[in-house]
Amino acid sequence: MIKKKDMPVFALVDCNNFYVSCERVFNPGLAHRPVIVLSNNDGCAVARSNEAKALGITMGVPVFKIRHLIDLHDVQVFSSNYVLYGDMSSRVMQTLSAFAPAMEIYSIDEAFLSLGRLAFTDLTAYGQQIRHTVKQYTGIPVSIGMAPSKTLAKLAAGIAKKSNKAAGVLDLTAPRFRDRALEMTPVEDVWGIGRQYARYLQIRGIRTARDFRDADIGRFKKKMGINGVRIQKELRGESCYDLETDDPGKKTISVSRSFKTPVTDFDSLSEAVSTYIVRGGEKLRAQGSHAEAMTVYVTTSRFKPDSFYYNSDTTSFPTALNYTSALLAHGRTALKRIFRKGRAYTKAGVIFSDLTRNGIYQQDLFDTSDRSRADRVMETMDRINLQMGAGTVTYPATGMGRDRSWTTVFNHRSSAYTTDWHQLLTVGP
DNA sequence: TCTGGGGTCCTAGGACCC
DNA sequence: TCTGGGGTCCTAGGACCC
C-alpha cells in the first residue's frame, strides 16, 4: 500500500480548443460564436469552438461536408497559423512552469505537472490559481485534472472541461470520487484506447472506463498487449507512466504536404519534394541531428482506389547527413526511382530516420574541411531564414517559392500577431 | 469538385546464428 | 545429412496520440 504522502500527483493541463482560443485572443469578436480552424490546404476542421461542436461539426471532418452549416450559422473559419499557435504554446508552457517543480510538455496544448512533493491541503484551489494565471497572462482558457496516474489525470481533465460544476478543475486524488468519474467516461475516451480497441471492448460489454478498470484484464491482454494492462493499472490508481521531463529529441523527422491540385509532371513533383527536404534539413539541424537514412514517397489520392498508386524509396547514407545540398541530390535520385508517368499525384513527403544527435556521427576522414564549410553555410542560411522569414534564402530545386500547382493553400489565415513586427495587432480607427 | 500532418510504441514473424 | 532448441536482430504493420 502506498502511503498517502508518497503518492505521486500528476496534474494534466489542457488548453481548451487551443487553436480556436489562440485566434480569439487577438480577435475578441469571435467570443461566443462558432469558430473552426482548418488543416493544411483548408481541408478539414481540426479545431472547433464549443459553439461549433454544438452544431455537430466533428473533429477532422472535411470542409466541403459542412459547407451548409458554415453558411447557415455564419461559422468563422480560419486556416492553420502554426507560427502563432507555436508562440502562444510557448507562453502557456512558460507560465505553467512556475507552478510545479517538474513539467512534461506533452503536446502543443497539453502539459503534465508533478505536484506530488508539494504539501497541499486544497489541490482544487491550486488548480484554479493556475487557470486564472494562465488566462491572465496568455488569454488561453485551460482545464486541469489531478490524480495519482497520468491516465486518471487525463480523464479528470476531460470531465473538468465539460462539467459546469467542476469549473475547469477536477481533483481525483481521493479514491471515493473516482467510481462516479469513471462511470461517466465512455471507454473510448480513455487515453490509449482508440477506435479499434473501443469497438472490440464494447462488443464484449465494456462500455465505460469503470467497466474496463474492473474487468479481468486476462480477457483483453492478447488483443491489447502490455499497454492494455498498464492502462488498467493506471485507472486503478497505480502509476505506470512517469513524467518525462527531458526532451530526448525526435527519432524520425518528416515533412509532407498534400497538393493544391494534382501534379503529373516530374519537375513539379521534384520541386515539391525538394521543398520538403529543405524544410526537413532545417528541422534536423535545429535539433542537432544528422540522418543516416531518408525515405521519399509519393502517392495519388486514397479516395480513388481504382487508380491508387503509392511508392517510396529509402536511401541509406554512407555517413550521416544534414547538409541540404547533399540531401537534395539524393532526393532527386530517389524520386526518379519511384516516379511513374501518367499518375495524378496528390501528396509527397520525406522522412529522415536513424538520426544521430549532437554531432556524434561518423566523420569522413578526408573531407573535414569541406564539411565544416558546409556546416557554416547551413548555419548562415538557417539564421537568415529564422530572422527574415522562412524561405528568404532557398535552393533553385524548390522552385524558389513561386506559386505552383502543388503549393499548399491557406485562404483564411490570420496574422502572425506575436512574432512578426509587420503583423502587430492594430487597435482603434 | 473539395478529405491534414507529425509523431511514438508494441508485436509478430523472418533471417540468421550457435 | 537431418533434427531440435534458443537466442538476437531487424522490419513491417498496426495500434495509439495530438
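Every chain is numbered from 1, with letters handed out A, B, ... down the list of sequences.
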Can any side-chain N or O of Lys283(A) pair as donor or acceptor with the backbone N or O of Ser254(A) at less than 3.5 Å?
-> yes
From NZ of Lys154(A) across to P of dC17(C) the rounded distance in Å is 9 Å
For residues 151-160 of chain A, run the donor-acceptor check on the side chains, cut-off 3.5 Å, and write out each pair with its distance to 0.1 Å, sequence neighbours left out.
from, atom 1, to, atom 2, distance (Å)
Thr151(A), OG1, Glu234(A), OE1, 2.6
Lys154(A), NZ, Glu110(A), OE1, 2.6

Please determine, by modelled atom types, if Thr315(A) and Asp313(A) share a side-chain donor-acceptor pair under 3.5 angstrom.
-> yes
Under 3.5 Å, which N/O atoms of the protein pair with N/O atoms of nucleotides 9-12 of chain C?
none

Flag, side chain of Arg24(A) to backbone of Leu30(A), donor-acceptor distance under 3.5 Å = yes
Distance-only polar pair, side chains of Ser79(A) and Asp42(A), donor-acceptor under 3.5 Å | yes
Atom NZ of Lys233(A): over 12 foreign heavy atoms under 6.0 Å = no
Are side-chain heavy atoms of Arg131(A) and Lys135(A) found at a separation under 4.5 Å?
-> no
Output the residues of residues 250-271 of chain A in contact with DNA chain B, where contact means a heavy atom of the residue under 4.0 Å from an atom of the strand; sort by number or write none.
-> Lys250(A), Lys251(A), Thr252(A), Ile253(A), Ser254(A), Val255(A), Ser256(A), Arg257(A), Ser258(A)
Whole-Å distance separating the CD atom of Glu244(A) from the C1' atom of dC17(C) = 13 Å
Using a cut-off of 6.0 Å, state whether more than 12 heavy atoms not belonging to Arg207(A) lie near its atom CZ.
-> no
Parallel, tilted or perpendicular: rings of Tyr82(A) and Tyr85(A) (30°, 60°) = perpendicular
Just grab all the ring-ring contact (aromatic ring centres under 6.0 Å, His included) pairs involving residues 38-80 of chain A, residues at least two apart or on different chains.
-> none
Looking only at atom types and distance, does a side-chain atom of Thr275(A) sit under 3.5 Å from a main-chain N or O of Glu271(A), one as donor and one as acceptor?
-> yes
So, Asn81(A) side chain and Arg413(A) main chain: donor-acceptor pair closer than 3.5 Å or not?
-> no
No-hydrogen, no-angle side-chain donor-acceptor test under 3.5 Å, Ser21(A) and Asn16(A) | no
Of residues 9-19 of chain A, the positions that come close to DNA chain C - non-hydrogen atoms, cut-off under 4.0 Å = none
For Asp109(A) and dG6(B), give me the distance from atom CG to atom P, rounded to whole Å.
-> 17 Å
May I have the distance from Asn40(A) (atom CG) to dC2(B) (atom P), rounded to whole angstrom?
-> 18 Å
Are any non-hydrogen side-chain atoms of Thr324(A) and Arg285(A) less than 4.5 angstrom apart?
-> yes
Of residues 89-98 of chain A, the positions that come close to DNA chain C - non-hydrogen atoms, cut-off under 4.0 Å = none
Tell me, which stems hold DNA chain B, with a stem being 3 or more Watson-Crick or G-U pairs in a row and both distances under 3.5 Å?
-> B:5-18 with C:5-18
Measure the distance from NZ on Lys304(A) to P on dT3(B) and round it to the nearest whole Å.
-> 9 Å
Return each pair, listed once, that meets ring-ring contact (aromatic ring centres under 6.0 Å, His included) where at least one residue sits in residues 254-283 of chain A; pairs must be two or more places apart or across chains.
-> Phe266(A)-Phe339(A)
Would you please say whether a donor-acceptor pair under 3.5 Å links the side chains of Gln94(A) and Arg91(A)?
-> no
Nucleic acid contacts - residues 210-234 of chain A versus DNA chain B, non-hydrogen atoms under 4.0 Å | Gly225(A), Ile226(A), Asn227(A), Arg230(A)
Just compare dG4(B), dC18(C), dG5(B) and give me whichever is closest to any side-chain atom of Lys347(A).
-> dG5(B)
Regarding Arg204(A) and the six-membered ring of Tyr200(A), is the cationic atom NZ or CZ under 6.0 Å from the ring centre and inside 45° of its axis?
-> yes
Between Met294(A) and Leu327(A), the two heavy atoms sitting closest are CE-O, 3.6 Å
Is the shortest heavy-atom distance from the side chain of Ser89(A) to the side chain of Asp109(A) under 4.5 Å?
-> no
Polar atom pairs (N or O), protein with nucleotides 14-16 of chain B, under 3.5 Å:
none

Decide if atom CZ of Arg180(A) counts as having more than 12 heavy atoms of other residues, nucleotides or ligands within a radius under 6.0 Å.
-> no
Give the rounded distance in Å between these two atoms: OH of Tyr85(A) and P of dG6(B).
-> 16 Å
What parts of residues 186-202 of chain A reach DNA chain C, counting only heavy atoms under 4.0 Å away?
-> Val190(A), Trp191(A), Gly192(A), Ile193(A), Gly194(A), Arg195(A), Gln196(A), Tyr197(A)
Report yes or no: do Thr418(A) and Asp87(A) form a side-chain donor-acceptor pair below 3.5 Å?
-> yes
Starting at CD of Glu104(A) and ending at P of dC17(C), how long is that distance when rounded to a whole Å?
-> 16 Å
Taking Glu104(A) for the side chain and Glu244(A) for the main chain, is one N or O donor matched with an acceptor at less than 3.5 Å?
-> yes
Mind checking whether Trp191(A) and Phe112(A) have ring centres under 6.0 Å apart?
-> yes
Which atom of Tyr126(A) lies closest to which atom of Ala100(A), heavy atoms considered = OH-N, 4.5 Å
Residues in residues 52-74 of chain A with a heavy atom under 4.0 Å of DNA chain C, by number, are none
Once you round it to whole Å, what is the distance between P of dG4(B) and NE2 of His412(A)?
-> 16 Å
Take Cys44(A) and Gly249(A), find for each the nucleotide of DNA chain B with the closest heavy atom, and name the residue whose nucleotide sits nearer the 5' end.
-> Cys44(A)
Does one side chain, of Glu23(A) or Tyr417(A), offer a donor that lies under 3.5 Å from an acceptor on the other?
-> no
Side-chain H-bond candidate by donor/acceptor type, Ser270(A) with Arg332(A), under 3.5 Å = yes
